[in-house]
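Remember, predicted model here, so these are calculated numbers, not experimental data. Note on naming: letters A, B, ... go to the chains in the order of the sequence lines (proteins, then strands), and numbering restarts at 1 for each one.
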There are 2 protein chains.
Amino acid sequence: MKRSLSRETRIALEPRKQPRQQRSSKVVDRILDAALTLTREQGTKAPTTLAIAQHAGLSVGSVYQYFPNKEAILLDLARRWLSSFPEVIARRIEVAPPTNREEFRQEVRKLFIDTSKLYLDNASLMPVIEAISGNADLRPIQNEYDDQIVALYAAWLQHVNPALEDKVASRLGLLMMEVGHACRLVGLKRDRKTYDLIEDDVEVMWLALVNPYLNLD
Amino acid sequence: MKRSLSRETRIALEPRKQPRQQRSSKVVDRILDAALTLTREQGTKAPTTLAIAQHAGLSVGSVYQYFPNKEAILLDLARRWLSSFPEVIARRIEVAPPTNREEFRQEVRKLFIDTSKLYLDNASLMPVIEAISGNADLRPIQNEYDDQIVALYAAWLQHVNPALEDKVASRLGLLMMEVGHACRLVGLKRDRKTYDLIEDDVEVMWLALVNPYLNLD
DNA sequence: AAAGAATGCGACTAATTATTCGCGTTTGTC
DNA sequence: GACAAACGCGAATAATTAGTCGCATTCTTT
């Protein structure tokens, strides 16, 4: 294992080179596909480079043509999801804030549905997310995204109630994220009907959590 | 790495031998101490056997006198906590069930306080718990304990409301566990004041979650 | 104090696996 | 079809680390 890189400051993440020929861009897809499939098969355990290469019908050398290291592969898979999260929350801040309890409940519901959709649409990606959380090298990167998400939930809360203190907003944001994430992860491991029931439960909890902090009549 | 054991069926967990002389039982303590300290220092990453031995002022050979493998060390640390969880919940089932909303609220509060105390009293152990969750070999063992805990939360719910369907009870139990665990883990990483605020939030969410499923007047 | 059991040691073994590098092959371009 | 660039290959390298084993030391017992 030539892993001296990891020690320096952080993991290299940029792709080693851009694919120039058509065949190679298909190769990148095959690598990502293989990594996803294997992570799912092995239940949240990051696959080895050799396993990824073989499953993609390639050699290890080819994998390293496009990815600087193993971590970058998993991260590539997760990145679109991780970055779409802040986007979705940000979009819910652009609208006019609610003026009464019923409007507020509707806003919670919208945010709730939008974020739920991110989980449902990317259900197959969840093992990768779990693998990243379980990897000491990748967790710091996860945490950066998490901090962003918490900050945006907090911003959303202050959009709904501008009088909300920063500290309270970020605490509530943190809990919204944590509760949503934990419940949805276990929900996705069960059947669709149970997932939907769990979703209702989460919405109830979210509402109960934030209601006391909103000065709406 | 002579790891053929792990492949067979499961990890050996029994201690290799019982300490017979006083010096050696102190050694076991030193090993566990070192493992705990190092896991904390490295932030939820399982330390190597060499690091554990050195930090305990021992050689690797001595570590293997008392532990069959590295996993057993972490598990030894976590086990008391993992098994005290079901005990604490079971104790809350022994009392007479509540007969009205106020008594019910009190019962939730008691269960809530008891489980919270488990986290506060074992705060230093949480990195080990996280390391176990992040280790593919140990997760199955975690899951067994989790299943027990969910079953007991469900039993508690049915104790409070015998008419509650099994399916609903176990779903709510699962969410109580997940929400409690996720929120308390992040709570413990913050200051005590914030932890207490998060605790209040969790209680609010628990109550909101289970209230609709209780036929009390 | 002598024997034997328990404990402690740490160099060594071996399994695993990330990453490299030089060479052969394919592709796009003129 | 010839040339260069891109691509693909996989044996070899090297880092890491779990676990062993025979010998040395310390304790217990008589």
Legend entry - Short side-chain N/O contact to dT17(D) OP1/OP2 from T49(B), under 4.0 Å: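 Checking T49(B) against dT17(D): no side-chain N or O falls below 4.0 Å of OP1 or OP2.
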For F85(B), is the NZ or CZ atom of R184(B) found under 6.0 angstrom from the centre of its six-membered ring and inside 45 degrees of the ring axis?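 Not flagged: R184(B) not positioned over aromatic ring of F85(B).
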Closest-nucleotide mapping onto DNA chain C: is S62(B) or L50(A) further toward the 5' terminus? I mean the 5' end.
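Comparing both residues, the 5'-ward one is S62(B).
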Which one, [options], comes nearest to the side chain of [X]?
X      : options                  : value
S59(B) : dG10(C), dC7(D), dA11(D) : dG10(C)
K70(B) : dT7(C), dT17(C), dG19(D) : dG19(D)
Q65(B) : dT19(C), dT7(C), dT20(D) : dT7(C)
V60(B) : dG8(D), dC9(C), dG10(C)  : dG10(C)

Tell me: [atom1] of [X] to [atom2] of [N], nearest whole Å?
X       : N       : atom1 : atom2 : result
D137(A) : dT17(C) : CG    : C1'   : 14 Å
I52(B)  : dG10(C) : CD1   : P     : 17 Å
N135(B) : dA18(D) : CG    : C1'   : 13 Å
Y64(A)  : dT17(C) : OH    : P     : 12 Å
Y66(B)  : dC9(C)  : OH    : C1'   : 12 Å
L58(B)  : dG19(D) : CG    : P     : 17 Å

Using distance only, find each side-chain donor-acceptor pair of residues 145-156 of chain B under 3.5 Å and give its atom names and separation, not counting sequence neighbours.
{"unit_1": "Y145(B)", "atom_1": "OH", "unit_2": "R79(B)", "atom_2": "NE", "d": "3.2"}

Check the orientation of W206(B) and F112(B). Use parallel for under 30°, tilted for 30 to 60°, and perpendicular for over 60°.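 Because their plane-to-plane angle is over 60°, the rings of W206(B) and F112(B) count as perpendicular.
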